[in-house]
Number of protein chains: 2
Amino acid sequence: MNELKLKTAFDPYFEAPVEVWKKFTDLCQQVSFKKNDIIKQSGETEKNAYFILEGACGIFLWKENNYVCLDIVLENNFFADHMSLITAKISSLETIALEKTTALRISKANIDKLKKSPFGSVLFLIGAESSFVEKQQQQIDLLMKTAEQRYNELFKKNPELIQRIAQKHIASYLGITTQSLSRIRKK
Amino acid sequence: MNELKLKTAFDPYFEAPVEVWKKFTDLCQQVSFKKNDIIKQSGETEKNAYFILEGACGIFLWKENNYVCLDIVLENNFFADHMSLITAKISSLETIALEKTTALRISKANIDKLKKSPFGSVLFLIGAESSFVEKQQQQIDLLMKTAEQRYNELFKKNPELIQRIAQKHIASYLGITTQSLSRIRKK
DNA sequence: TTGCTTTTTTAACCTATGGTAACTTTTTTG
DNA sequence: CAAAAAAGTTACCATAGGTTAAAAAAGCAA
(Lines give C-alpha, C1' and ligand atoms only; values in the text may rest on other atoms or scores of the structure.)
Protein backbone atom coordinates (compact mmCIF):
# COMPACT_ATOMS: atom_id res chain seq x y z
CA MET A 1 0.00 0.00 0.00
CA ASN A 2 2.35 2.67 1.28
CA GLU A 3 5.21 1.45 -0.87
CA LEU A 4 3.02 2.14 -3.90
CA LYS A 5 2.35 5.69 -2.72
CA LEU A 6 6.06 6.26 -2.44
CA LYS A 7 6.79 4.71 -5.81
CA THR A 8 4.11 6.87 -7.44
CA ALA A 9 5.42 10.01 -5.76
CA PHE A 10 9.01 9.38 -6.84
CA ASP A 11 8.65 7.77 -10.25
CA PRO A 12 8.81 11.17 -11.96
CA TYR A 13 12.29 11.63 -10.48
CA PHE A 14 13.76 8.13 -10.62
CA GLU A 15 12.22 4.74 -10.98
CA ALA A 16 12.79 2.06 -8.41
CA PRO A 17 10.95 -1.28 -8.26
CA VAL A 18 8.21 -1.58 -5.71
CA GLU A 19 10.16 -4.19 -3.73
CA VAL A 20 12.81 -1.59 -3.02
CA TRP A 21 10.18 0.79 -1.69
CA LYS A 22 8.80 -2.08 0.36
CA LYS A 23 12.18 -2.39 2.03
CA PHE A 24 12.03 1.33 2.66
CA THR A 25 8.61 1.21 4.27
CA ASP A 26 9.73 -1.74 6.40
CA LEU A 27 12.11 0.70 8.07
CA CYS A 28 9.24 3.09 8.83
CA GLN A 29 6.58 3.32 11.50
CA GLN A 30 3.20 4.85 10.77
CA VAL A 31 2.46 7.76 13.08
CA SER A 32 -0.33 10.27 13.37
CA PHE A 33 -0.68 13.79 14.66
CA LYS A 34 -3.56 15.97 15.66
CA LYS A 35 -3.91 19.41 14.17
CA ASN A 36 -1.40 21.79 15.77
CA ASP A 37 0.68 19.02 17.32
CA ILE A 38 4.29 20.03 17.62
CA ILE A 39 6.30 17.31 15.92
CA LYS A 40 9.76 18.68 16.69
CA GLN A 41 10.37 21.49 19.13
CA SER A 42 12.69 24.41 18.71
CA GLY A 43 16.03 23.71 20.37
CA GLU A 44 15.90 19.96 19.72
CA THR A 45 17.73 17.92 17.12
CA GLU A 46 15.65 16.33 14.38
CA LYS A 47 15.79 12.56 14.75
CA ASN A 48 13.37 11.54 11.99
CA ALA A 49 12.10 12.27 8.55
CA TYR A 50 8.45 11.82 7.60
CA PHE A 51 6.64 10.91 4.43
CA ILE A 52 3.22 12.49 4.75
CA LEU A 53 0.44 10.06 3.81
CA GLU A 54 -2.39 12.41 4.63
CA GLY A 55 -2.51 15.94 5.99
CA ALA A 56 -0.11 18.86 6.00
CA CYS A 57 2.84 20.03 8.06
CA GLY A 58 4.80 23.23 8.38
CA ILE A 59 8.23 24.31 9.51
CA PHE A 60 8.49 27.48 11.58
CA LEU A 61 10.94 29.81 13.20
CA TRP A 62 9.98 32.02 16.12
CA LYS A 63 11.03 35.63 16.26
CA GLU A 64 10.20 37.28 19.57
CA ASN A 65 6.42 37.02 19.76
CA ASN A 66 5.69 35.97 16.22
CA TYR A 67 7.14 33.65 13.65
CA VAL A 68 7.93 32.90 10.03
CA CYS A 69 6.92 29.83 8.10
CA LEU A 70 9.72 28.39 6.00
CA ASP A 71 7.74 25.67 4.28
CA ILE A 72 4.35 24.06 4.07
CA VAL A 73 4.29 20.43 2.92
CA LEU A 74 1.23 18.45 1.85
CA GLU A 75 0.72 14.68 1.55
CA ASN A 76 2.97 12.55 -0.67
CA ASN A 77 6.07 14.51 0.18
CA PHE A 78 8.89 14.13 2.62
CA PHE A 79 8.91 16.46 5.59
CA ALA A 80 11.44 17.19 8.34
CA ASP A 81 13.61 19.86 9.84
CA HIS A 82 16.10 18.95 7.14
CA MET A 83 18.63 21.47 8.36
CA SER A 84 18.87 19.80 11.76
CA LEU A 85 18.69 16.34 10.23
CA ILE A 86 21.60 17.13 7.90
CA THR A 87 23.82 18.91 10.38
CA ALA A 88 22.83 16.62 13.28
CA LYS A 89 22.74 19.74 15.43
CA ILE A 90 19.96 21.40 17.36
CA SER A 91 18.05 23.99 15.39
CA SER A 92 15.59 26.61 16.47
CA LEU A 93 13.10 25.43 13.88
CA GLU A 94 9.82 23.93 14.96
CA THR A 95 7.80 21.43 12.93
CA ILE A 96 4.03 21.38 13.34
CA ALA A 97 1.11 19.38 11.95
CA LEU A 98 -1.17 21.93 10.28
CA GLU A 99 -3.95 19.37 9.82
CA LYS A 100 -4.77 15.95 11.22
CA THR A 101 -1.87 14.07 9.69
CA THR A 102 -0.72 10.51 9.19
CA ALA A 103 2.85 9.88 8.09
CA LEU A 104 5.56 7.28 7.74
CA ARG A 105 8.40 8.01 10.11
CA ILE A 106 11.97 6.93 9.43
CA SER A 107 14.71 7.40 11.98
CA LYS A 108 17.99 9.17 11.30
CA ALA A 109 19.80 5.93 12.08
CA ASN A 110 17.89 4.16 9.34
CA ILE A 111 18.39 7.09 6.98
CA ASP A 112 22.12 6.90 7.53
CA LYS A 113 22.03 3.17 6.93
CA LEU A 114 20.05 3.65 3.72
CA LYS A 115 22.41 6.37 2.49
CA LYS A 116 25.06 3.66 2.18
CA SER A 117 22.96 1.61 -0.22
CA PRO A 118 22.86 2.47 -3.93
CA PHE A 119 19.12 3.09 -3.71
CA GLY A 120 19.41 5.31 -0.65
CA SER A 121 22.27 7.36 -1.98
CA VAL A 122 20.30 8.18 -5.11
CA LEU A 123 17.10 8.84 -3.17
CA PHE A 124 18.65 11.25 -0.73
CA LEU A 125 20.79 12.94 -3.35
CA ILE A 126 17.71 13.65 -5.43
CA GLY A 127 15.87 14.79 -2.33
CA ALA A 128 18.61 17.18 -1.31
CA GLU A 129 19.02 18.51 -4.83
CA SER A 130 15.35 19.21 -5.36
CA SER A 131 15.07 20.81 -1.92
CA PHE A 132 17.93 23.10 -2.90
CA VAL A 133 16.25 24.06 -6.16
CA GLU A 134 13.02 24.80 -4.33
CA LYS A 135 14.76 26.94 -1.72
CA GLN A 136 16.60 28.88 -4.38
CA GLN A 137 13.30 29.57 -6.10
CA GLN A 138 11.93 30.86 -2.80
CA GLN A 139 14.98 33.10 -2.48
CA ILE A 140 14.40 34.46 -5.98
CA ASP A 141 10.74 35.11 -5.19
CA LEU A 142 11.63 36.99 -2.01
CA LEU A 143 14.28 39.06 -3.75
CA MET A 144 12.44 39.91 -6.94
CA LYS A 145 8.71 39.82 -6.38
CA THR A 146 6.19 41.82 -4.45
CA ALA A 147 4.04 40.15 -1.81
CA GLU A 148 1.10 40.39 -4.17
CA GLN A 149 2.95 38.57 -6.95
CA ARG A 150 4.06 35.87 -4.52
CA TYR A 151 0.49 35.35 -3.35
CA ASN A 152 -0.91 35.20 -6.87
CA GLU A 153 1.69 32.70 -7.96
CA LEU A 154 1.14 30.50 -4.95
CA PHE A 155 -2.57 30.64 -5.60
CA LYS A 156 -2.05 29.62 -9.21
CA LYS A 157 0.45 26.88 -8.41
CA ASN A 158 -1.28 25.40 -5.40
CA PRO A 159 -4.86 26.61 -4.94
CA GLU A 160 -5.63 23.67 -2.67
CA LEU A 161 -2.99 24.74 -0.19
CA ILE A 162 -4.59 28.15 0.11
CA GLN A 163 -7.94 26.54 0.88
CA ARG A 164 -6.59 24.16 3.47
CA ILE A 165 -4.02 26.16 5.40
CA ALA A 166 -4.74 29.03 7.78
CA GLN A 167 -4.03 32.44 6.31
CA LYS A 168 -1.73 33.39 9.14
CA HIS A 169 0.58 30.57 8.04
CA ILE A 170 0.34 31.47 4.37
CA ALA A 171 1.05 35.10 5.18
CA SER A 172 4.16 34.26 7.14
CA TYR A 173 5.27 31.85 4.41
CA LEU A 174 4.98 34.73 1.93
CA GLY A 175 6.95 36.96 4.27
CA ILE A 176 4.14 39.35 5.18
CA THR A 177 1.65 39.97 7.99
CA THR A 178 -1.89 38.62 7.99
CA GLN A 179 -3.06 42.20 7.65
CA SER A 180 -1.14 42.63 4.43
CA LEU A 181 -2.39 39.31 3.11
CA SER A 182 -5.93 40.37 3.87
CA ARG A 183 -5.32 43.62 2.02
CA ILE A 184 -4.05 41.67 -0.99
CA ARG A 185 -6.94 39.21 -0.93
CA LYS A 186 -9.49 42.00 -1.00
CA LYS A 187 -8.55 42.64 -4.63
CA MET B 1 48.78 20.50 -5.71
CA ASN B 2 45.13 21.04 -6.54
CA GLU B 3 44.11 17.72 -5.04
CA LEU B 4 45.52 18.96 -1.74
CA LYS B 5 43.47 22.14 -1.95
CA LEU B 6 40.34 20.07 -2.47
CA LYS B 7 41.20 17.70 0.34
CA THR B 8 41.83 20.59 2.71
CA ALA B 9 38.58 22.28 1.73
CA PHE B 10 36.52 19.14 2.24
CA ASP B 11 38.19 17.44 5.18
CA PRO B 12 35.92 19.26 7.64
CA TYR B 13 32.94 17.57 5.97
CA PHE B 14 34.27 14.12 5.11
CA GLU B 15 37.75 12.75 4.78
CA ALA B 16 38.91 11.13 1.60
CA PRO B 17 42.51 10.13 0.84
CA VAL B 18 44.45 12.42 -1.42
CA GLU B 19 44.64 9.76 -4.15
CA VAL B 20 40.88 9.91 -4.49
CA TRP B 21 41.02 13.68 -4.91
CA LYS B 22 43.78 13.15 -7.46
CA LYS B 23 41.36 11.02 -9.48
CA PHE B 24 38.88 13.84 -9.17
CA THR B 25 41.29 16.50 -10.42
CA ASP B 26 42.27 14.22 -13.30
CA LEU B 27 38.72 14.69 -14.55
CA CYS B 28 39.09 18.50 -14.42
CA GLN B 29 40.60 21.12 -16.66
CA GLN B 30 42.09 24.27 -15.27
CA VAL B 31 40.42 27.36 -16.71
CA SER B 32 40.70 31.06 -16.08
CA PHE B 33 38.43 34.05 -16.43
CA LYS B 34 38.97 37.76 -16.56
CA LYS B 35 37.00 40.01 -14.25
CA ASN B 36 33.40 40.34 -15.47
CA ASP B 37 33.63 37.40 -17.86
CA ILE B 38 30.29 35.70 -18.27
CA ILE B 39 30.87 32.04 -17.50
CA LYS B 40 27.36 30.82 -18.26
CA GLN B 41 24.76 32.96 -19.98
CA SER B 42 21.11 33.28 -19.10
CA GLY B 43 19.02 30.94 -21.23
CA GLU B 44 21.72 28.29 -21.49
CA THR B 45 22.04 24.99 -19.67
CA GLU B 46 24.89 24.63 -17.20
CA LYS B 47 27.32 22.02 -18.49
CA ASN B 48 30.04 22.29 -15.83
CA ALA B 49 30.78 22.80 -12.20
CA TYR B 50 33.82 24.74 -11.03
CA PHE B 51 36.08 24.56 -8.01
CA ILE B 52 37.45 28.07 -7.60
CA LEU B 53 41.20 28.04 -7.00
CA GLU B 54 41.59 31.79 -6.91
CA GLY B 55 39.14 34.64 -7.36
CA ALA B 56 35.41 35.04 -6.89
CA CYS B 57 32.28 34.34 -8.90
CA GLY B 58 28.64 35.29 -8.61
CA ILE B 59 25.31 33.99 -9.79
CA PHE B 60 22.76 36.51 -11.04
CA LEU B 61 19.24 36.85 -12.27
CA TRP B 62 18.15 39.76 -14.44
CA LYS B 63 14.94 41.59 -13.79
CA GLU B 64 14.06 44.09 -16.47
CA ASN B 65 16.98 46.52 -16.39
CA ASN B 66 18.60 45.43 -13.16
CA TYR B 67 19.36 42.18 -11.40
CA VAL B 68 19.64 40.27 -8.17
CA CYS B 69 22.65 38.34 -6.96
CA LEU B 70 21.79 34.92 -5.57
CA ASP B 71 25.22 33.97 -4.37
CA ILE B 72 28.83 35.10 -4.22
CA VAL B 73 31.44 32.36 -3.99
CA LEU B 74 35.11 32.81 -3.14
CA GLU B 75 38.08 30.50 -3.74
CA ASN B 76 38.12 26.95 -2.34
CA ASN B 77 34.44 26.38 -2.98
CA PHE B 78 32.42 24.80 -5.72
CA PHE B 79 30.53 27.13 -7.99
CA ALA B 80 27.94 26.60 -10.74
CA ASP B 81 24.40 27.34 -11.76
CA HIS B 82 23.47 24.36 -9.62
CA MET B 83 19.81 24.67 -10.44
CA SER B 84 20.43 24.19 -14.15
CA LEU B 85 23.07 21.54 -13.50
CA ILE B 86 20.64 19.54 -11.36
CA THR B 87 17.58 19.87 -13.54
CA ALA B 88 19.57 19.68 -16.80
CA LYS B 89 17.32 22.42 -18.09
CA ILE B 90 18.01 25.93 -19.28
CA SER B 91 17.83 28.52 -16.55
CA SER B 92 17.73 32.28 -16.69
CA LEU B 93 20.59 32.51 -14.23
CA GLU B 94 23.90 33.98 -15.30
CA THR B 95 27.26 33.14 -13.75
CA ILE B 96 29.99 35.76 -13.79
CA ALA B 97 33.60 36.04 -12.65
CA LEU B 98 33.69 38.92 -10.17
CA GLU B 99 37.48 38.94 -10.06
CA LYS B 100 40.26 37.47 -12.16
CA THR B 101 39.60 33.83 -11.45
CA THR B 102 41.22 30.47 -11.95
CA ALA B 103 39.18 27.34 -11.42
CA LEU B 104 39.02 23.62 -11.99
CA ARG B 105 36.23 22.76 -14.38
CA ILE B 106 34.45 19.41 -14.35
CA SER B 107 31.89 18.50 -16.97
CA LYS B 108 28.37 17.33 -16.21
CA ALA B 109 29.19 14.04 -17.94
CA ASN B 110 32.06 13.46 -15.51
CA ILE B 111 29.92 14.56 -12.58
CA ASP B 112 27.29 12.01 -13.53
CA LYS B 113 29.97 9.36 -13.85
CA LEU B 114 31.37 10.25 -10.43
CA LYS B 115 27.95 10.21 -8.82
CA LYS B 116 27.89 6.47 -9.45
CA SER B 117 31.04 5.89 -7.41
CA PRO B 118 30.89 5.66 -3.62
CA PHE B 119 33.15 8.70 -3.30
CA GLY B 120 31.14 10.78 -5.76
CA SER B 121 27.80 9.90 -4.28
CA VAL B 122 28.96 11.05 -0.84
CA LEU B 123 30.65 14.17 -2.24
CA PHE B 124 27.64 15.38 -4.17
CA LEU B 125 25.19 14.45 -1.44
CA ILE B 126 27.14 16.51 1.05
CA GLY B 127 27.41 19.31 -1.49
CA ALA B 128 23.68 19.35 -2.16
CA GLU B 129 22.83 19.13 1.52
CA SER B 130 25.06 21.97 2.55
CA SER B 131 23.85 24.12 -0.34
CA PHE B 132 20.32 23.51 0.87
CA VAL B 133 21.20 24.52 4.42
CA GLU B 134 22.85 27.67 3.17
CA LYS B 135 19.89 28.58 0.99
CA GLN B 136 17.49 28.02 3.86
CA GLN B 137 19.59 30.34 6.01
CA GLN B 138 19.39 32.97 3.28
CA GLN B 139 15.61 32.51 3.21
CA ILE B 140 15.45 32.99 6.99
CA ASP B 141 17.58 36.12 6.74
CA LEU B 142 15.36 37.60 4.05
CA LEU B 143 12.19 36.79 6.00
CA MET B 144 13.28 37.84 9.45
CA LYS B 145 15.97 40.46 9.26
CA THR B 146 16.25 44.04 8.12
CA ALA B 147 18.69 45.00 5.38
CA GLU B 148 20.88 46.57 8.02
CA GLN B 149 21.04 43.38 10.08
CA ARG B 150 21.84 41.36 6.97
CA TYR B 151 24.67 43.72 6.09
CA ASN B 152 26.13 43.71 9.57
CA GLU B 153 26.03 39.94 9.76
CA LEU B 154 27.64 39.51 6.36
CA PHE B 155 30.31 41.98 7.41
CA LYS B 156 30.96 40.02 10.60
CA LYS B 157 30.92 36.63 8.89
CA ASN B 158 32.88 37.53 5.81
CA PRO B 159 34.63 40.92 6.03
CA GLU B 160 36.97 39.97 3.19
CA LEU B 161 34.08 39.52 0.78
CA ILE B 162 32.91 43.04 1.50
CA GLN B 163 36.38 44.39 0.72
CA ARG B 164 36.76 42.46 -2.51
CA ILE B 165 33.35 42.56 -4.15
CA ALA B 166 31.70 45.63 -5.68
CA GLN B 167 29.01 47.15 -3.52
CA LYS B 168 26.42 46.93 -6.23
CA HIS B 169 26.77 43.14 -6.09
CA ILE B 170 26.68 43.03 -2.32
CA ALA B 171 23.62 45.26 -2.29
CA SER B 172 21.74 43.05 -4.70
CA TYR B 173 22.82 39.97 -2.75
CA LEU B 174 21.32 41.55 0.37
CA GLY B 175 18.14 42.34 -1.54
CA ILE B 176 18.51 46.13 -1.56
CA THR B 177 19.62 48.94 -3.87
CA THR B 178 23.11 50.39 -3.83
CA GLN B 179 21.60 53.60 -2.50
CA SER B 180 20.20 51.78 0.52
CA LEU B 181 23.50 50.00 1.11
CA SER B 182 25.30 53.32 0.94
CA ARG B 183 22.87 54.72 3.51
CA ILE B 184 23.50 51.73 5.80
CA ARG B 185 27.26 51.99 5.43
CA LYS B 186 27.28 55.63 6.45
CA LYS B 187 26.48 54.56 10.02
C1' DT C 1 -27.35 26.44 21.39
C1' DT C 2 -24.44 29.62 24.00
C1' DG C 3 -20.34 31.65 25.25
C1' DC C 4 -15.26 31.81 24.69
C1' DT C 5 -11.17 31.76 21.83
C1' DT C 6 -8.87 32.26 17.65
C1' DT C 7 -8.61 34.02 13.14
C1' DT C 8 -9.55 37.34 9.73
C1' DT C 9 -10.75 41.88 8.29
C1' DT C 10 -10.66 46.84 8.36
C1' DA C 11 -8.70 51.21 9.19
C1' DA C 12 -5.39 54.92 10.53
C1' DC C 13 -0.88 55.88 10.88
C1' DC C 14 4.28 54.96 10.41
C1' DT C 15 8.82 53.38 8.57
C1' DA C 16 12.16 51.07 5.80
C1' DT C 17 13.37 50.86 1.46
C1' DG C 18 12.70 52.02 -3.58
C1' DG C 19 13.07 55.33 -7.52
C1' DT C 20 14.93 59.34 -9.59
C1' DA C 21 18.37 62.44 -10.28
C1' DA C 22 22.51 65.23 -9.60
C1' DC C 23 27.11 64.98 -7.94
C1' DT C 24 31.65 62.84 -6.64
C1' DT C 25 34.93 59.30 -6.68
C1' DT C 26 37.10 55.34 -8.63
C1' DT C 27 38.27 52.41 -12.36
C1' DT C 28 39.10 51.39 -17.05
C1' DT C 29 40.94 52.24 -21.40
C1' DG C 30 42.98 54.37 -25.43
C1' DC D 1 48.24 60.21 -18.34
C1' DA D 2 43.89 62.11 -19.77
C1' DA D 3 39.32 61.10 -21.09
C1' DA D 4 35.48 58.27 -20.58
C1' DA D 5 32.86 55.00 -18.18
C1' DA D 6 31.43 52.85 -14.09
C1' DA D 7 30.59 52.87 -9.28
C1' DG D 8 29.34 55.04 -5.15
C1' DT D 9 27.13 58.94 -2.48
C1' DT D 10 23.59 62.05 -1.18
C1' DA D 11 19.10 64.14 -1.13
C1' DC D 12 14.51 64.19 -2.36
C1' DC D 13 9.90 62.19 -2.61
C1' DA D 14 6.94 57.86 -3.25
C1' DT D 15 5.18 53.57 -1.61
C1' DA D 16 4.76 48.68 -0.03
C1' DG D 17 4.22 46.73 3.80
C1' DG D 18 4.52 47.01 9.13
C1' DT D 19 2.27 48.41 13.53
C1' DT D 20 -1.42 49.11 16.42
C1' DA D 21 -6.05 48.74 17.58
C1' DA D 22 -10.55 47.27 17.17
C1' DA D 23 -14.50 45.07 15.00
C1' DA D 24 -16.30 41.11 12.61
C1' DA D 25 -16.31 36.37 11.58
C1' DA D 26 -15.28 31.69 12.28
C1' DG D 27 -14.15 27.76 15.09
C1' DC D 28 -14.84 25.10 19.07
C1' DA D 29 -15.98 23.40 23.70
C1' DA D 30 -19.40 22.80 27.24
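In what follows, chains are A, B, ... by sequence order, proteins preceding strands, each numbered from 1.
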### Query
Which pairs pass salt bridge (charged side-chain N to carboxylate O under 4.0 Å, His left out) with one or both residues in residues 43-61 of chain B, sequence neighbours excluded?
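Listed once each, the pairs would be none.
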
### Task
Let me have a per-nucleotide readout for nucleotides 23-30 of chain C, 5' to 3', with B, S or -, counting only protein heavy atoms under 4.0 Å.
-----S--

What's the [atom1]-[atom2] distance between [X] and [N], to the nearest Å?
| X | N | atom1 | atom2 | value |
| --- | --- | --- | --- | --- |
| B/Leu142 | C/dA16 | CG | P | 18 Å |
| B/Leu98 | D/dA6 | CG | P | 17 Å |
| A/Lys168 | D/dA25 | NZ | C1' | 16 Å |
| A/Ile184 | C/dT9 | CD1 | P | 12 Å |
| A/Leu174 | D/dA16 | CG | C1' | 15 Å |

Which residues pass the salt bridge (charged side-chain N to carboxylate O under 4.0 Å, His left out) test with [X], sequence neighbours left out?
| X | answer |
| --- | --- |
| B/Lys145 | B/Asp141, B/Glu153 |
| B/Lys108 | B/Asp112 |
| A/Lys115 | B/Glu129 |

Under a 4.0 Å threshold between the charged nitrogen and the carboxylate oxygen, would [Y] count as salt-bridged to [X]?
| X | Y | value |
| --- | --- | --- |
| B/Lys40 | B/Glu94 | no |
| A/Glu3 | A/Lys7 | no |
| B/Lys23 | B/Glu19 | no |
| B/Lys34 | B/Glu99 | no |

### Message
Holding to side-chain contact (heavy atoms from CB on, under 4.5 Å), I want the full list of residues that pass it with A/Cys69, two or more places apart in sequence or in another chain.
### Response
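So A/Cys69 forms a side-chain contact (heavy atoms from CB on, under 4.5 Å) with A/Phe60, A/Ile72, A/Ser172, A/Tyr173.
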
### Task
Could you pull out all residues at least two apart from A/Lys135 that satisfy side-chain contact (heavy atoms from CB on, under 4.5 Å)?
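Applying side-chain contact (heavy atoms from CB on, under 4.5 Å) to A/Lys135 gives A/Leu70, A/Asp71, A/Gln138, B/Phe132, B/Lys135, B/Gln136, B/Gln139.
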
### Transitive ILVMFWY cluster of B/Ile90, excluding itself - 4.5 Å side-chain cut-off
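Hydrophobic cluster check, B/Ile90: no partners found.
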
### Message
Can you list, by chain and residue number, the hydrophobic cluster partners of B/Leu4 when the side-chain cut-off is 4.5 Å?
### Response
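Its cluster partners, ordered by chain and number, are B/Val18.
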
### Query
Does a side-chain N or O from B/Arg185 land closer than 4.0 Å to OP1 or OP2 of D/dG8, or not?
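Checking D/dG8 against B/Arg185, no side-chain N or O comes under 4.0 Å of OP1 or OP2.
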
### Task
Using a cut-off of strictly less than 4.0 Å between a heavy atom of the residue and any atom of DNA chain C, enumerate the qualifying residues of residues 143-155 of chain A by number.
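Those residues: none at all.
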
### Query
Considering only heavy atoms, which members of residues 175-182 of chain A lie under 4.0 Å from some atom of DNA chain C?
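Contacts with DNA chain C under 4.0 Å: A/Thr178, A/Gln179, A/Ser182.
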
### Message
So B/Arg183, base contact, sugar-phosphate only, or nothing? Heavy-atom distance under 4.0 Å.
### Response
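Since a base atom lies under 4.0 Å of B/Arg183, the category is base.
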
#### Entry: Evaluation steps, side-chain contact (heavy atoms from CB on, under 4.5 Å), between B/Phe33 and B/Ile96
CA-CA 9 Å; B/Phe33 303 104; B/Ile96 302 181; over 6 Å; no

### Task
Using five base pairs at each end, measure the axis-to-axis angle across the helix from C/dT1-D/dA30 to C/dG30-D/dC1 and round it to 10 degrees.
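Answer rounded to 10°: the end axes differ by 60°.
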
